[in-house]
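Chain naming here is simple, since letters A, B, ... match the order of the sequence lines and numbering starts at 1 in each. Everything numeric here is computed off the predicted structure, so don't read it as measured data.
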Protein chains: 2
Amino acid sequence: MTSPIIQTIDVVLLTIKNDKLHVALVKRETPPFQGYDALPGGYVHEQEDNDCLDSALRVLKTKTGIRPPYLEQLETFSGKFRDPRGWSVSVVYFALVSLDVIEAANNPQVSLVDIDDLKDLPFDHLNIIKTTVNRIRNKAQYSSLPCFLAGETFTLPTLQKIYEICLGDTLNKVSFRRKIAEMDVIEEIAGALSRQGASRPAKIYKLKPYYLEKLKTLESGL
Amino acid sequence: MTSPIIQTIDVVLLTIKNDKLHVALVKRETPPFQGYDALPGGYVHEQEDNDCLDSALRVLKTKTGIRPPYLEQLETFSGKFRDPRGWSVSVVYFALVSLDVIEAANNPQVSLVDIDDLKDLPFDHLNIIKTTVNRIRNKAQYSSLPCFLAGETFTLPTLQKIYEICLGDTLNKVSFRRKIAEMDVIEEIAGALSRQGASRPAKIYKLKPYYLEKLKTLESGL
DNA sequence: TTACTTAGTTTCAATTTGCAACTATATATT
DNA sequence: AATATATAGTTGCAAATTGAAACTAAGTAA
């Protein structure tokens with residue numbers, strides 16, 4: 001009999017820091033790659049978990065202390081060579097949260113790395129992260145996905161900036177607002193204003209409760 | 001020690017027959033659900049397969065005799081309850097082929113079922129097929145995916161019909177042709193004409209070799 | 001040679017998008 | 001108190017895209 005296939009899950013947790021996408025890495029406490037930073041991941045626990053989504057939520061909670069409102073399956077990475085222990089299958093999920101969710105968890109094991117500054121990572125984690133960024137860039141074109149990177153409340157200029165960071169390009173202000181209005185996923189918080197510097201304050205919005213953990217897509221995009 | 005997780009792959013092979021999407025099912029030769037029609041699937045073979053994509057190609061070849069030019073990972077379905085044998089993970093792929101590829105394989109174990117006539121299926125296969133159809137409907141809006149359902153050569157009216165079947169809606173002839181031209185994935189076969197009934201024959205096209213197994217996407221869609 | 005049917009193109013109106021300039025509203029400065 | 005200035009948000013319009021209808025083209029059948 002051959003050794004069984006290694007069945008794991010990994011989570012790509014992304015946030016925006018200093019106007020750039022960052023990924024959350026955790027220091028590995030066990031071999032292989034002990035001591036190295038890698039994606040939070042772990043084994044499926046047949047007893048505790050009803051499915052791999054459960055596993056992903058459990059592992060993310062355990063390793064980072066975070067319970068993300070939005071978690072989506074990315075893809076499954078498998079093969080003979082991606083894990084030195086042998087033939088492995090990793091079902092990968094990705095989550096988007098605002099920076100303050102990560103800071104609130106305040107876990108010293110967690111480090112945030114700019115996705116453009118990633119060095120070599122254990123396993124195929126670099127490839128997994130790049131696949132995730134591509135997926136996000138793609139979905140940012142026609143969905144409310146980037147909204148999950150905003151905090152509980154936000155202004156339209158802030159949200160536009162978040163979309164621009166995801167897309168890697170600037171957007172037209174009028175078109176952006178038309179599309180966000182068309183998506184109909186946010187609502188104004190009456191009376192609330194942002195009052196930043198010495199300029200006109202922006203209105204403050206929040207996600208409509210229904211869309212706090214759901215995606216909305218557009219017919220045409222952007 | 002707990003029983004190991006069951007690691008399988010399944011393939012959703014779709015084609016168009018009588019102007020409707022059909023899925024290829026094969027009769028199961030072993031328990032569970034022996035004798036029932038289900039998606040072609042099987043175990044990952046650690047020795048033969050370098051990754052799950054290999055497993056999918058091998059299983060599809062073994063069970064249907066088909067080697068599809070286009071195969072894409074759909075999603076992974078997992079959990080305690082989807083397989084009566086226990087906690088299982090199935091990495092699911094989908095493939096699109098023209099009807100004559102299936103007919104050429106001529107395998108009596110394979111049956112083609114209209115996706116709107118599906119009865120209850122073993123495991124969560126009904127759900128898997130519905131997820132696939134949604135994915136295809138989605139990708140048909142902005143990519144060359146439906147082209148893989150056409151045979152080696154085809155006319156533009158035929159290709160439009162294929163897109164309409166995928167999308168479940170009619171398309172504007174002029175817009176469709178503009179978009180296909182913009183995608184730049186097909187080329188005319190000089191001089192070849194379709195000559196069907198008593199009417200003007202249509203020009204015949206084929207996929208550009210580069211796109212025989214690759215997807216092309218549009219910025220805006222349709 | 002005329003009718004018929006489907007292929008493919010042209011034209012133009014309707015819709016959508018994107019830029020630039022405008023107005024609005026706060027703080028900071030004089 | 002008046003004015004400057006910075007960013008928020010809106011308006012108007014030109015450019016680009018899309019979609020419907022009408023047209024021309026090219027074959028077979030009568």
Side-chain angles (χ1 to χ4, degrees), chain A residues 19 140-144 147 150-151 153-206 216-222, chain B residues 19 140-144 147 150-151 153-206 216-222:
Chain A
D19 286 351
Q141 283 168 355
Y142 61 89
S143 82
S144 60
C147 295
T153 64
F154 47 84
T155 67
L156 282 177
T158 300
L159 189 60
Q160 180 170 349
K161 184 76 193 173
I162 290 171
Y163 267 83
E164 289 173 343
I165 290 165
C166 289
L167 291 165
D169 204 356
T170 58
L171 292 172
N172 178 278
K173 179 164 62 165
V174 178
S175 298
F176 175 74
R177 283 163 186 245
R178 270 195 289 243
K179 287 298 181 180
I180 294 294
E182 187 189 330
M183 264 199 283
D184 195 32
V185 293
I186 68 174
E187 61 190 14
E188 196 181 326
I189 299 177
L193 295 175
S194 66
R195 68 194 66 223
Q196 296 279 19
S199 75
R200 175 175 176 174
K203 291 181 189 169
I204 296 182
Y205 295 82
K206 62 176 179 184
K216 172 97 173 211
T217 59
L218 287 171
E219 292 269 311
S220 60
L222 249 152
Chain B
D19 286 352
Q141 283 169 354
Y142 61 89
S143 83
S144 60
C147 295
T153 65
F154 48 85
T155 67
L156 282 176
T158 301
L159 189 60
Q160 178 170 351
K161 185 75 193 173
I162 290 171
Y163 267 83
E164 288 174 342
I165 290 165
C166 289
L167 291 165
D169 203 357
T170 58
L171 292 171
N172 178 278
K173 181 165 58 165
V174 178
S175 298
F176 175 74
R177 283 164 185 244
R178 269 195 289 242
K179 287 298 181 181
I180 294 294
E182 189 188 328
M183 264 197 286
D184 193 34
V185 293
I186 68 174
E187 62 189 15
E188 196 180 327
I189 299 177
L193 295 175
S194 67
R195 68 195 66 223
Q196 295 280 20
S199 75
R200 174 174 176 173
K203 291 180 188 169
I204 295 182
Y205 295 81
K206 62 176 179 184
K216 172 96 173 211
T217 59
L218 286 172
E219 291 270 311
S220 61
L222 248 152

**Message:** Counting only side-chain nitrogens and oxygens, does Lys203(B) get under 4.0 Å of the OP1 or OP2 atom of dA26(D)?
**Reply:** no

**Contact summary for Met183(B) and Ser143(B), nearest pair of heavy atoms** = SD-C, 3.7 Å

**Request:** Take the protein atom CD1 of Ile180(A) and the nucleotide atom P of dT17(C), then report the distance between them rounded to whole Å.
**Result:** 13 Å

**Asked** Looking only at heavy atoms, what is the nearest atom pair of Lys216(B) and Val185(B), with distance?
**Response** CB-CG1, 3.5 Å

**Prompt:** Do side-chain atoms of Thr153(B) reach the backbone of Ile204(B) as a donor and acceptor pair under 3.5 angstrom?
**Reply:** no

**Message:** OP1 or OP2 of dT18(D) versus the side-chain N and O atoms of Lys179(B): is any pair under 4.0 Å?
**Reply:** yes

**Request:** Take atom CZ of Phe176(B) and atom P of dG19(D), then tell me their distance rounded to the nearest Å.
**Result:** 13 Å

**Asked** CG of Leu171(A) versus C1' of dT17(C): gap in Å, rounded?
**Response** 13 Å

**Prompt:** Which residue lies toward the 5' end of DNA chain D, Leu156(A) or Pro201(B), if each is placed at its nearest nucleotide?
**Reply:** Leu156(A)

**Asked** Between Arg178(B) and Arg200(B), who's closer to the 5' end of DNA chain C by nearest nucleotide?
**Response** Arg200(B)

**Request:** Could you tell me the separation between the CD atom of Glu182(B) and the C1' atom of dG19(D), rounded to a whole number of Å?
**Result:** 15 Å

**Asked** Taking only side-chain nitrogens and oxygens of Ser175(A), does any of them come within less than 4.0 Å of OP1 or OP2 of dC19(C)?
**Response** no

**Asked** When the nearest nucleotide of DNA chain C is assigned to Ala198(B) and to Lys173(A) on a heavy-atom basis, which residue is associated with the more 5' position?
**Response** Ala198(B)

**Asked** Should Ser199(B) be listed as having a side-chain N or O under 4.0 Å from OP1 or OP2 of dC4(C)?
**Response** no

**Prompt:** Is Thr155(A) touching bases, backbone alone, or none of the nucleic acid, heavy atoms closer than 4.0 Å?
**Reply:** nothing

**Request:** Select one nucleotide: of dT17(C), dT10(C), dA26(D), the one nearest the side-chain heavy atoms of Val174(B).
**Result:** dT10(C)

**Message:** Between C1' on dA7(C) and CG on Leu159(B), what's the gap in Å once rounded to a whole number?
**Reply:** 15 Å

**Message:** Would you call the rings of Tyr163(B) and Phe176(B) parallel, tilted or perpendicular, taking 30° and 60° as the class edges?
**Reply:** perpendicular

**Donor-acceptor under 3.5 Å (Glu182(B) side chain, Leu218(B) main chain)** = no

**Request:** May I have the distance from Asn172(B) (atom CG) to dA21(D) (atom P), rounded to whole angstrom?
**Result:** 10 Å

**Prompt:** dG18(C) P sits how many Å from Gln160(A) CD, rounded?
**Reply:** 12 Å

